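Have a look at the structure below, then the notes.
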Amino acid sequence: MVTRRLGSVGVPDRERRDNNNTRASLTKLFAISLVTALVGVFAVNSADADAPERRKVEVLELKVQNDQYAYTDLDPKGSSLGDTYVYSGTAIKDGRGVGRGGGSCQVIHINGEALTTQCLITMELKRGSLTMQSLWVSGTSQLDMAITGGTGDFSSARGTVRYWDIATPKERVRAEILR
């Protein structure tokens, strides 16, 4: 004769164990789901907290009229590390001067005829100044620079500046300033 043990409520032990296991599994699943959901909410909230605020973009398009230029040729004679170009000019908008600027490029690498320079430029406008920096291979027709800061209305400025037709009468610049 086969007998089955009944639990305290008349349910066989095996069924009660299965129900307890099912209940425990569902509880674990619920707990894991809850923790996962909370982690997701905190991750989204922290990502929102870390996300930069939307900044306004101001675009300046100007012509550049160069007026002074000097080249310092260090020893040895000819292109060598440390040689420096120094220049200044006027920023032109709608045919009139709206600012002044200037900077320098120093040779930091030579590869045959290609000279890589590190360039620093400051452009001073009525509302403040913008400072820019980048590497440039001399002779290329365009130069992209990072805006690294400024003063006045541009004190927290970041962004990019592109120069075209460098050292020609058609030189121009476009600054995309994040503020």
Side-chain angles (χ1 to χ4, degrees), residues 39-40 42-179:
V39 167
F42 289 127
V44 168
N45 286 339
S46 69
D48 288 344
D50 293 342
E53 62 183 71
R54 289 218 179 257
R55 298 173 93 178
K56 293 182 181 179
V57 176
E58 179 179 351
V59 176
L60 295 176
E61 293 191 8
L62 305 166
K63 290 186 178 185
V64 177
Q65 182 178 1
N66 292 303
D67 56 15
Q68 294 183 356
Y69 173 84
Y71 174 69
T72 303
D73 184 10
L74 301 176
D75 286 336
K77 190 169 177 60
S79 297
S80 60
L81 294 180
D83 289 357
T84 305
Y85 306 90
V86 180
Y87 43 86
S88 64
T90 303
I92 309 286
K93 176 81 174 174
D94 299 325
R96 61 184 182 85
V98 294
R100 300 259 326 130
S104 62
C105 293
Q106 185 174 40
V107 176
I108 61 165
H109 184 78
I110 300 172
N111 185 8
E113 295 295 313
L115 305 178
T116 301
T117 59
Q118 170 147 321
C119 301
L120 305 169
I121 297 176
T122 301
M123 184 184 298
E124 199 170 63
L125 303 166
K126 198 177 252 186
R127 296 178 14 233
S129 66
L130 289 169
T131 56
M132 299 158 256
Q133 180 176 358
S134 79
L135 296 180
W136 180 57
V137 177
S138 61
T140 55
S141 66
Q142 69 185 35
L143 167 63
D144 291 330
M145 302 189 84
I147 296 173
T148 58
T151 64
D153 286 352
F154 306 114
S155 63
S156 62
R158 294 289 182 260
T160 58
V161 176
R162 174 170 280 182
Y163 286 83
W164 289 275
D165 301 318
I166 297 166
T168 73
K170 298 187 313 182
E171 185 172 342
R172 64 195 194 284
V173 61
R174 176 186 169 96
E176 295 179 1
I177 305 162
L178 302 174
R179 303 185 323 128

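Atoms considered below: every heavy atom in the structure, side chains included; atoms not considered: hydrogens, waters and symmetry mates. Residue numbers count from 1 along this sequence. As the structure is a computational prediction, the values presented were derived from the model and not from experiment.
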Quick check: closest heavy atoms across Ser80 and Ile110, and the distance to 0.1 Å? CA-CD1, 3.4 Å
Tell me which one of Met132, Gln142, Arg174 satisfies side-chain contact (heavy atoms from CB on, under 4.5 Å) with Tyr163. Met132
side-chain contact (heavy atoms from CB on, under 4.5 Å) between Leu125 and Phe154, worked out: CA-CA 10 Å; Leu125 303 166; Phe154 306 114; 4.1 Å; yes
Tell me the closest heavy-atom pair linking Cys119 and Tyr87, and the distance in Å. CB-OH, 4.3 Å
Least distance between heavy atoms, Thr168 atom then Asp165 atom: OG1-O, 2.7 Å
Any chance CD of Glu124 has more than 12 other-residue heavy atoms, nucleotides or ligands included, within less than 6.0 Å? no
Write down the atom of Ser134, the atom of Met145, and the distance for their closest heavy-atom approach. OG-CG, 3.5 Å
Using 0.5 Å steps for rounding, measure from the CG atom of Leu135 to the SG atom of Cys105. 10.0 Å
If you apply the rule side-chain contact (heavy atoms from CB on, under 4.5 Å), what do you find for Leu60 with Ile177, and how did you get there? CA-CA 8 Å; Leu60 295 176; Ile177 305 162; 3.7 Å; yes
Can you measure from OG1 (Thr160) to CD1 (Ile147) and round to the nearest 0.5 angstrom? 6.5 Å
Between Thr148 and Thr131, does any side-chain donor sit less than 3.5 Å from a side-chain acceptor? yes
Nearest atoms (heavy-atom pairs only) where Arg100 meets Gly89: NH1-O, 3.2 Å
Residue from Ile166, Asp83, Thr116, Leu115 passing side-chain contact (heavy atoms from CB on, under 4.5 Å) with Ser138: Leu115
Is a donor on one side and an acceptor on the other found under 3.5 Å between the side chain of Ser141 and the backbone of Gly139? no
Nearest heavy-atom contact between Ala157 and Leu130 is CB-CD2, 3.9 Å
Pair Thr117-Gln106, side-chain contact (heavy atoms from CB on, under 4.5 Å): steps then yes or no: CA-CA 5 Å; Thr117 59; Gln106 185 174 40; 5.9 Å; no
Would Met123 and Val173 count as a side-chain contact (heavy atoms from CB on, under 4.5 Å) here? Give the steps. CA-CA 11 Å; Met123 184 184 298; Val173 61; 4.2 Å; yes
Output for pair (Glu176 CD, Glu61 CD), nearest 0.5 Å, gives 8.5 Å
Can you measure from CH2 (Trp164) to OG1 (Thr140) and round to the nearest 0.5 angstrom? 13.0 Å
From CZ (Arg172) to CZ (Arg162), nearest 0.5 Å: 10.0 Å
